[in-house]
Each structure stands twice: as C-alpha cells, then as structure tokens.
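Below is one structure, written out as structure tokens, with a few remarks after it.
This is a predicted model, so every value here is computed, not measured. Hydrogens, waters and symmetry mates are skipped; everything else that's a heavy atom, side chains included, is used. For ligands, and for the atoms within them, numbers begin at 1 and follow the listed sequence. Throughout, residue positions are numbered sequentially from 1 according to the sequence presented.
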Amino acid sequence: MGRTILRAEGISKSFSKVQVLKNVDFELEAAETHILMGENGAGKSTLMKILTGVYRKSSGKIFLENENGDLEETDFHNPKAALEKGISMVFQEFNLMDNMSIAENISMGFAPAKHGVIDWKAMNEEAVGWMKMVDLNLPPTTIVGKLSTAQKQCVEIAKCLSHNARIIILDEPTSSLSEKEVRTLFSLIDKLKKEGISFIYISHRMEEIFEIGDRVTVFRDGEQVGVRNISETTENELIRLMIGREFKDKYSDYDETKERQVAIEAEGIITSKFDTPIDFKAWSGEIVGIFGLIGAGRTELARVLFGIDQSPCGVLKKDGKILKLRSASDAISNRIGMVPEDRKELGLIVKQDIQSNLTIVKLRDLPKILTSTKKETQITEHYIDALSIACAGRKQLVERLSGGNQQKVVISKWLSLKLDVLILDEPTRGVDVKAKAEIYEIIRELADQGMCVIMISSDLPEILRVSHRVVVMHDGKITLDGLTRNYDQEKIMHAAIS
Ligand SMILES: Nc1ncnc2c1ncn2[C@@H]1O[C@H](COP(=O)(O)OP(=O)(O)OP(=O)(O)O)[C@@H](O)[C@H]1O
Ligand SMILES: [Mg+2]
C-alpha cells in the first residue's frame, strides 16, 4: 500500500432538490493512477469539481496531505484554492486561449513581472522548462490555436505542472486523440508518476483502464460502489459494479442472401482536405463502419455525403438518382441525417429542455413525422428510457445533463427521425458501456428495418462488433472494403496505417 495523499469522506452533493452524490468515499495514493468509472450521470465529474473547488459539497469531509505528511482537513472555496494546494484538473473542453501563445497560456494569471510589466523573456524561458517536462518541443511563442488536440492537452498538463500540481485530474483525456497520441499521453503519465504525481483518470474505455490504471473506483447512480486494484479485477466485474447486474448485448445476424438496394453512392467525389477522388457505396439495411486514424479523411467524406461540403466533381446518388446537395438541410430533406463528431457542434440547444432538443430538428425540412405534442412526449419518454438518459425528466435543461447524457440526447434526436441514411460520426464517444450497447441495439434495429447506417469510429472493437461491412480510410483514400467478419483487428489496423 502506498501513502494516501487525499481522502474524501461521505461526500454528498445536491443540485436544488436532486441529490447527485450520496455519501461518497474516495481515496488517492501518492504516484498512482486512479481510474473513475461509472455510467453517464453517475457523478464522476461532479466529485472532481468538488475536489477542485468548482462546486461546493453539501456535506462530507476532504483531507489532504500537508507539508508534514499528515492528512489535514481542507475545503476549497474556489478553483484557485485547490490549485494552490496542488490539485489541478484538465477539463475535456480545455481551458486555453486559442489566440495566445503557449507560454502565455501556461503562465495565465501568474506571469513573471518586472517593474509591474510582464517579463516576456522570463515567461517564455519558464514555459520552455514546463514544456520540456511534457515533451512539447515547439517555440513557446507558438499560438495555441494552431496546435493539435494532443498538443493542447500537453499545454494543459504543463500548466498543471507549473502550479506544482501533485494531483492531476484528467476527464476522458483520450476521447479525441489518435492511437499514437494516446501512446504519447500514457508514457507522459508514466513519467510524471515516477516523479511522484498522482492522476485521477475518468474514462469509459475498458482497454485503456486496464492499461493505465493502478486502482479503480466505480460509481453508480451517485454512490461509490467499489474500489479495486486493477490487477485483481476483470472487465466483467467492473461492468457488474457499474450497472448492478450481469450484462450481455444481443447480436442480430446479417442476412447476406437478402436483396438490397444501394442507398447512397458517391462516384469520383473530392473532399475538402484531399485531392484523390473517392468512390463509396452503402446499401440499405446495412451498417457500414468507416474506420481510420484521426485525420484519415472519414469526416471529410461524411461532410460531402451530408451536403455540408460540395465536391467540385463526381456525382452523388441516392436510390439510384443523382443528388445535388447544397447544404445539410438539403440532405435532411432527402432523408439523410448526420450526428456530427464535435460535441460543441452537435446542434444541442443547451438552454432548452430535453424534449425540445429531441423534437426540433429542422422539422420544416422534413415530411411531417412528429405531429403532436403528445407524440413528442411519447418519443422523448421512449428514448430517455431506451438509452437510460440520467435526468430529472424530459423537461430538464440540457446544460444540466452530464457530458455522456448530452451525447445520448443528440443521438436520440436523429434515431427518432427514421431517415433512409444516417451517418454517425463517433457516436459513442464519452458514452458508458451500457448505453453503448443500447445504441448498438437501436442501430441494428434501424438497419433491420431498412435504414442505411454509416458509422464512423476510431474504436476498432466497436467497428468489429457493430458493422456488417467495414471500410478503412487512410490519407484520404479507401484502403479496404469488405464484410467485417472476413477481417480481424490486425488486418484492419494494417489498412489504416499503410
Ligand atoms: N449544475 C447542475 N445542475 C443540476 N444537475 C446537475 C448539474 N451538474 C450535474 N448535474 C447532474 O448530476 C448528475 C451527475 O453528473 P456528472 O456530470 O457528475 O456525471 P458523470 O458521471 O461525469 O457522467 P458522464 O460520464 O456522462 O460525464 C447528472 O444527473 C447531472 O444531470
Ligand atoms: Mg463527466
């Protein structure tokens, strides 16, 4: 057993009348990576926000190791107070100023000054020191807006280090990183751990939990339901703890003998970032998984199929007829839908409730599907139930939902429209295991009813599990296309990198 440096005892938290944390205990040791797991809305982010002074706890105690090595009761009234005690958090949406330099971002609010003015030279030099620690080899004057997601994350971590962080909290840090960037992050975590830094790591990705974690604490419905050493637990046990029962998802078979029509087809189209023409076909009744590393051109292809971008050449066809799409709303009128990748672009109106968000998809452009308020209520209730959206009811404001539950609302909105072609770009990012399985189930049902589902995913096990056909992209080109069951992980990965 290592040395405990942080202990939270009996933490409870209520928002107005809803109790979202119930008497939760949590412990962190020096130099460990402690995973937090739990379904969407279980309370993980809320506990972290309490530990970093963003929210105030309703009751409970927090103890933190002091200079003498004793645990001392503390309470953070604001994030600055937590920072000063060495607790930093990297939020999923990052907290960086895109128009400022790396050095300015790192020293934000704490820049060295000489005679009352910022000492730029000292600031840049100090930044280089922190940047070295996170292996970020760029000039400190580089503008943050130009960095990749992975590099921005390094800047965030460098910023934590500059505050002498002893505890760094990462909330779903790998959700928009490529495989290679994940490797880099993991070796950085290992390196910093050796220097005595502890990590609290929130994740829904089973594989990485077993790779990076030392211990795991599981949350269910606002309660802490178990703490395990990673080396002594299994995936099944963790799932059981998370959802309170055994869990198996159902598979539906793909009937290859069935006659199918090509639903959507692209011939010789060019996407915004690449100049190789692409041919792509998807049949009704099938789920086609598009795999590739981040930057392979998958989203760019989807943007053309959904009318956001226009190809200067080639043709698009739907049900055999030439299709001219000038905008996304053109696509929707042609019964093509898309769930975009970026949560911020998801088209959620966070100041409105779940029901409005679920039912206002540019209805003008659609043949009347939702007709009455009663029907809308029914549909909303149906999806809240089907995807276990953790909420206080269909009238809850979307901004009050946890990250994963917001994602579920977006997906529900598109699933409920019963279109002919539905493109899902990374649909299960940030979604818990159980909801993932529920989403897969719904996608399969929709395909069984004849919908053509195009699912872009960087999660290879997900592609293998869900899609009937797999298409792999690399560098703007399609490098593999075939029935999923004829391929294994290795072959697909190979096609994605060469
Ligand atoms: N400011 C708020 N006002 C009201 N309710 C809130 C607020 N913030 C969070 N909640 C509710 O608290 C519950 C826990 O949310 P939290 O964000 O901690 O979940 P989470 O475990 O991080 O989930 P996810 O995996 O989806 O990120 C949710 O039901 C959420 O709707
Ligand atoms: Mg969260």
Side-chain angles (χ1 to χ4, degrees), residues 8 11-24 26 34-58 60 79 89-95 169-176 200-206 208-209 216-226 238-239 241-244 343-344 346 348 350-355 357-358 380 383-385 387-412 426-439:
I11 305 291
S12 294
K13 171 74 185 170
S14 300
F15 290 108
S16 41
K17 283 193 198 102
V18 188
Q19 192 175 8
V20 301
L21 285 178
K22 302 165 193 162
N23 202 18
V24 164
F26 176 75
H34 197 123
I35 310 282
L36 278 194
M37 276 192 92
E39 288 183 51
N40 298 128
K44 306 176 296 291
S45 299
T46 304
L47 179 64
M48 293 307 108
K49 286 178 184 164
I50 289 173
L51 293 181
T52 50
V54 178
Y55 290 156
R56 303 295 309 277
K57 56 185 163 37
S58 308
M89 176 154 176
V90 178
F91 291 92
Q92 204 176 4
E93 301 80 28
F94 299 151
N95 241 335
I169 303 171
L170 302 170
D171 198 347
E172 295 181 49
T174 57
S175 63
S176 30
I200 305 177
Y201 189 108
I202 303 182
S203 174
H204 293 290
R205 292 189 174 178
M206 252 335 155
E208 73 180 26
I209 289 170
V216 52
T217 291
V218 185
F219 280 70
R220 182 168 75 234
D221 212 8
E223 291 180 62
Q224 192 258 74
V225 292
L238 293 178
I239 293 178
L241 284 170
M242 263 173 70
I243 65 178
R343 273 203 196 153
K344 284 188 193 142
L346 286 175
L348 278 179
V350 294
K351 299 271 179 219
Q352 290 199 13
D353 64 29
I354 300 177
Q355 174 147 337
N357 269 283
L358 240 157
T380 311
Y383 281 98
I384 288 177
D385 181 53
L387 295 185
S388 320
I389 298 176
C391 60
R394 63 191 161 82
K395 290 289 173 194
Q396 178 159 8
L397 295 189
V398 164
E399 68 180 349
R400 299 269 165 85
L401 294 177
S402 75
N405 283 302
Q406 293 188 358
Q407 175 89 346
K408 292 185 194 174
V409 173
V410 180
I411 294 177
S412 306
E426 306 280 4
T428 61
R429 175 180 292 170
V431 170
D432 67 59
V433 241
K434 184 163 145 243
K436 267 187 197 168
E438 282 154 351
I439 290 170

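- Of the residues listed (V431, I209, V433, D432), the one engaging H204 in a side-chain contact (heavy atoms from CB on, under 4.5 Å) is D432, and it is the only one.
- Under the rule for a side chain to side chain contact (heavy atoms under 4.5 Å, CB included), the partners of R205 that lie at least two apart in sequence or sit in another chain are T174, S203, E208.
- Of all the listed residues (K49, K44, K408), K44 holds the heavy atom that lies closest to atom 25 (O) of ligand 1.
- Remark: minimum distance from atom 30 (C) of ligand 1 to any protein heavy atom is reached at R400 O, 3.2 Å.
- Summary of contacts: the protein heavy atom closest to atom 27 (O) of ligand 1 is G403 N, 3.8 Å.
- For the Mg ion (ligand 2), the nearby protein N/O/S atoms, meaning those under 2.8 Å, are S45 OG.
- The side-chain tip of K13 points at the ring of Y55 from less than 6.0 angstrom away and within 45° of straight on.
- Taking a cut-off of under 4.0 Å to the non-hydrogen atoms of Y55, the atoms of ligand 1 that pass are 1 (N), 8 (N).
- Annotation: D353, atom CG; neighbour count of heavy atoms from other residues, nucleotides and ligands within 6.0 Å is above 12.
- In this view, E223 satisfies the side chain to side chain donor-acceptor pair (under 3.5 Å) rule with no residue, not counting sequence neighbours.
- Residues satisfying the side chain to side chain contact (heavy atoms under 4.5 Å, CB included) test with K57, not counting sequence neighbours, are I11, I50, I62, D75.
- What sits closest to atom 23 (O) of ligand 1 on the protein, heavy atoms only, is G41 N, 2.8 Å.
- Looking at ligand 1, you won't find any N or O of G38 less than 3.5 Å from one of its N or O atoms.
- In this structure, M48 does not count as a contact residue of ligand 1, since none of its heavy atoms falls inside 4.0 Å of the ligand.
- Note that CG of L51 is 5.5 Å distant from CD1 of I169, once rounded to the nearest 0.5 Å.
- In terms of N/O distances under 3.5 Å, ligand 1 is not approached by V20.
- The pair E39-K434 meets the salt-bridge criterion, since a charged nitrogen lies less than 4.0 angstrom from a carboxylate oxygen.
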